[in-house]
Protein chains: 2
Amino acid sequence: MADMETLREEEAGGEPVSLYQRILGDIRDRILSGEWPPGYRIPFEHELTTQYGCSRMTVNKALSQLANAGLIERRRRSGSFVRRPQLQSAILEIHDIKAEVDALGLPYRYELATRLQRKATRADLVRLDVPLPSTVLELSCRHFAGDRPFCLEDRLISLAAVPEVADESFAEMAPGPWLVSRVPWNAAEHAIRAVGADAATAAALGIAAGTACLVIERRTWSADQPVTHVRLTYAGDSHALVARFTPSQG
Amino acid sequence: MADMETLREEEAGGEPVSLYQRILGDIRDRILSGEWPPGYRIPFEHELTTQYGCSRMTVNKALSQLANAGLIERRRRSGSFVRRPQLQSAILEIHDIKAEVDALGLPYRYELATRLQRKATRADLVRLDVPLPSTVLELSCRHFAGDRPFCLEDRLISLAAVPEVADESFAEMAPGPWLVSRVPWNAAEHAIRAVGADAATAAALGIAAGTACLVIERRTWSADQPVTHVRLTYAGDSHALVARFTPSQG
DNA sequence: TGCGTTGATATGTATATACATAAAAGCAAC
DNA sequence: GTTGCTTTTATGTATATACATATCAACGCA
C-alpha cells in the first residue's frame with residue numbers, strides 16, 4: 001500500500017513520532033540496511049508487543065503498513081518475512097511542460113500548429129484504442145523555451161470521452177493542462193524511446209535531421225475509456241527525464 | 001503509504017473483501033471517477049460509521065490508508081478532503097537486462113570488455129559522489145540479444161562501499177545482478193535521455209554513428225553511501241522504456 | 001472593535017477484547 | 001506410510017472505549 005516516501009518520517013528532526021511509527025521505522029531501517037535480509041523472519045507480533053510494551057493492535061498497524069508497502073510479506077501461522085526486492089522500480093514524475101520550462105528560468109510560450117476534428121482512422125487505433133466509427137480531435141502544437149522550440153506535442157483526443165473539446169480552440173491553452181484539470185484519469189501508460197528526428201520533426205524543433213530525440217508517448221484512460229494519446233518529442237540534449245527511486249515494491 | 005496498485009482489489013472477482021476494504025474502495029472509486037472532485041469534503045468518520053453500520057476504527061483504517069496513498073488529506077476538526085492530483089507520476093520498472101532479452105525470445109549473452117581498478121578522478125565525482133582519495137572499479141561490458149549487441153553498460157563501483165568487488169572478475173556474471181543480490185540499496189536516481197551515438201558507442205553497438213540511443217543513467221546509494229553509477233546505452237529503435245501509471249500520489 | 005478564553009468537534013493514537021481464518025504440526029486410524 | 005482429523009498458532013478483522021490534540025467557532029471582556 002505504501003511507497004517508501006510516505007513510509008519515511010523525520011527521525012532526525014526529533015519531532016514526536018507515534019509508537020506505531022517508531023516500530024514501523026525500526027523494522028524498515030533494519031530491512032533497508034540489510035541487517036534483516038530477504039527471507040528473514042521478523043519477530044512475531046506477540047514478541048514485538050512485549051519488546052515495545054504495547055498492545056498487538058499497535059504492532060499490527062505497523063506490520064500491516066509494511067506489508068502494504070511491499071517490504072514484508074505476512075503469512076498466517078508462519079509469521080512475517082522480509083521480501084526480496086521485486087523489481088527496481090522508479091517513480092517518474094511527469095511534469096507539466098510549462099513547469100519544466102519555468103524551471104529552466106526561460107520564458108514559456110505555447111503555440112498551436114494544427115487542430116483537426118475528424119473521423120478516426122485505422123492508423124489511430126494504435127495510438128488510441130477507440131471503437132472504429134468514432135470522432136477524434138487531432139492537435140499538433142509546440143512549446144517554446146525562450147525563442148527556441150522546446151517540445152513538440154502531437155495529440156489525439158477521443159471526442160466520445162471528452163465531448164467538450166469540440167468547443168475548445170486550444171489557441172491559448174495547451175491541451176495537456178486543459179485535460180488534466182477537466183478529466184479524471186485513472187490509468188495511463190508511458191513509453192519512452194529515443195528516435196532520430198525526421199525532416200518534419202527537425203524543422204519543427206529547429207534541429208538537424210537525424211538528431212537524437214527523446215520521445216514520450218502517453219495513453220490515458222478514464223473509467224476504462226480511452227481519453228487521449230500524446231507524443232511529446234524533445235530535442236535530445238535539451239531534456240532528460242529524472243526519476244526518483246522507490247526502494248522495494250510489490 | 002499506499003500506492004494505488006496495492007489499494008486496488010478485485011471487485012469483479014466476487015471474492016470476499018473486508019469491510020474496511022469495501023469502504024476504501026467505495027471512496028477511492030468515487031474520487032477516481034471524478035464524482036468527488038478535488039477539494040470535496042468526504043463524509044466524516046462519524047457519518048461513515050452510521051452509513052456502513054460499523055465502528056469508527058474501521059472507517060478510520062480505510063481513511064488512513066487513503067490518506068497515506070495521497071488520495072485524500074485529513075484535517076483535524078475540519079474533515080477529510082479529496083486532494084488535487086499532485087504530479088503525474090509513473091512507475092518505471094527497471095528490468096534486469098537478461099529478463100528484457102528473454103522477453104524478446106532471443107538468447108542472451110554477456111561479455112565483459114574492460115575491467116579496471118583505479119583511483120577515482122575528478123571526472124568520476126560527477127558520476128559517483130565519493131570522497132576524492134578513493135578507489136573505484138570501472139567496468140565496461142556488453143549485453144547481446146542473439147548475436148546483436150543489445151545494450152552497452154559502463155559502470156563505476158565504489159570499493160569503499162563494496163570491497164568484495166575487488167575479488168570478482170565479472171567475466172561470467174554481469175555486475176548488475178551481482179550487485180543487486182549483494183548490496184541492499186535504499187536510494188537511487190535515474191536520468192533518461194536521448195543521445196546520438198558517438199563513434200565508439202556506434203562501433204560497440206554495431207550501428208551507424210549518430211544513431212539515436214536511449215541512455216539510462218542510474219546512481220545507487222546504500223546507507224547514504226554511494227555504491228555505483230551505471231550508464232546503459234540502448235540502440236534507439238531497439239528499446240523502449242515502459243512505465244505503468246500510478247493515479248495520484250503525494 | 002479587538003482579543004483572549006473556552007468549548008465543541010474531528011481526527012490521531014492506543015488499549016483490551018473477541019472471533020475468524022489459514023496453515024502447519026501433531027495424532028490417530030487405516 | 002499415508003490419509004484424514006484435530007489442535008495449535010499467527011495473522012486478519014472488527015468492536016467499544018479512552019484520551020490526546022489540533023482547530024474552528026462562539027462567547028465574553030476590555
Side-chain angles (χ1 to χ4, degrees), chain A residues 1-2 6-11 13-27 36 39-83 250, chain B residues 1-2 6-11 13-27 36 39-83 250:
Chain A
M1 175 124 315
T6 43
L7 268 188
R8 176 171 63 204
E9 83 277 348
E10 310 305 320
E11 290 110 10
E15 58 191 49
V17 291
S18 57
L19 182 50
Y20 88 88
Q21 283 173 338
R22 222 186 83 218
I23 300 173
L24 191 157
D26 286 354
I27 297 173
W36 289 354
Y40 181 88
R41 206 215 77 222
I42 75 175
F44 294 130
E45 293 188 352
H46 174 253
E47 304 178 73
L48 289 169
T49 59
T50 64
Q51 188 173 323
Y52 284 94
C54 66
S55 77
R56 188 168 81 90
M57 284 302 292
T58 304
V59 311
N60 182 286
K61 186 168 182 174
L63 292 184
S64 298
Q65 296 205 2
L66 284 166
N68 283 334
L71 271 189
I72 69 172
E73 182 188 342
R74 314 200 71 194
R75 284 202 287 271
R76 282 182 141 111
R77 159 83 209 206
S78 311
S80 304
F81 299 83
V82 177
R83 282 185 38 159
Chain B
M1 171 124 316
T6 43
L7 268 186
R8 175 171 62 203
E9 83 278 349
E10 310 304 320
E11 291 110 8
E15 57 190 49
V17 292
S18 56
L19 182 49
Y20 88 87
Q21 284 174 338
R22 221 185 85 218
I23 300 174
L24 191 157
D26 286 354
I27 297 174
W36 289 353
Y40 182 89
R41 206 214 77 223
I42 77 174
F44 295 129
E45 293 188 353
H46 174 253
E47 304 177 75
L48 290 169
T49 59
T50 63
Q51 187 174 325
Y52 284 95
C54 66
S55 78
R56 187 167 83 88
M57 284 301 292
T58 304
V59 310
N60 184 286
K61 186 168 182 176
L63 293 184
S64 297
Q65 296 205 2
L66 284 166
N68 283 335
L71 271 191
I72 68 172
E73 182 188 340
R74 315 200 69 193
R75 285 201 287 272
R76 284 181 140 108
R77 160 80 213 216
S78 311
S80 305
F81 299 83
V82 177
R83 283 186 38 159

Give the rounded distance in Å between these two atoms: [atom1] of [X] and [atom2] of [N].
X	N	atom1	atom2	result
A:Met57	D:dA16	CE	C1'	12 Å
B:Lys61	D:dG12	NZ	P	8 Å
B:Leu48	D:dT15	CG	P	13 Å
A:Ile23	C:dT13	CD1	C1'	12 Å
A:Leu66	D:dT11	CG	P	13 Å
A:Glu73	C:dA22	CD	P	16 Å
B:Tyr52	D:dA14	OH	P	12 Å
A:Arg56	C:dA20	CZ	C1'	11 Å

- prompt: Can you list every pair that meets salt bridge (charged side-chain N to carboxylate O under 4.0 Å, His left out) and has a residue in residues 44-54 of chain A, with sequence neighbours left out?
  reply: A:Arg41-A:Glu47, A:Glu45-A:Arg56, A:Glu45-A:Arg74
To the nearest 0.5 Å, how far apart are [atom1] in [X] and [atom2] in [Y]?
X	Y	atom1	atom2	answer
A:Ser18	A:Lys61	OG	NZ	7.0 Å
A:Ile23	A:Thr58	CD1	OG1	6.5 Å
B:Ile42	B:Asp26	CD1	CG	11.5 Å
A:Ser80	A:Leu71	OG	CG	12.0 Å
A:Glu73	A:Leu66	CD	CG	13.5 Å
A:Leu48	A:Leu63	CG	CG	6.0 Å

query: Of all the nucleotides listed (C:dT17, C:dG12, D:dT11), which has the minimum atom distance to the side chain of A:Arg74?
result: D:dT11
- request: Measure from the side-chain heavy atoms of B:Asn60 and tell me the nearest of C:dG12, D:dA16, D:dG12.
  value: C:dG12
task: Heavy atoms only: give me the nearest A:Phe81-A:Ser78 pair and the separation to one decimal.
output: CZ-O, 3.8 Å
Should [X] be listed as having a side-chain N or O under 4.0 Å from OP1 or OP2 of [N]?
X	N	result
B:Ser80	C:dA10	no
B:Thr58	D:dT13	no
A:Ser18	C:dT13	yes

message: Regarding A:Leu19, tell me which of base, sugar-phosphate or nothing describes its non-hydrogen contacts under 4.0 Å with the strands shown.
response: sugar-phosphate
message: Just so I know, are the side chains of B:Trp36 and B:Pro43 near enough to count as touching, which here means a heavy-atom distance under 4.5 Å?
response: yes
- prompt: Between residues 39-47 of chain B and DNA chain D, which residues have a heavy-atom gap below 4.0 Å?
  reply: none
Between N or O atoms, less than 3.5 Å apart, protein on one side and nucleotides 23-26 of chain D on the other: list the pairs.
| residue | atom | partner | partner atom | Å |
| --- | --- | --- | --- | --- |
| D:dC24 | O2 | B:Arg77 | NH1 | 3.0 |

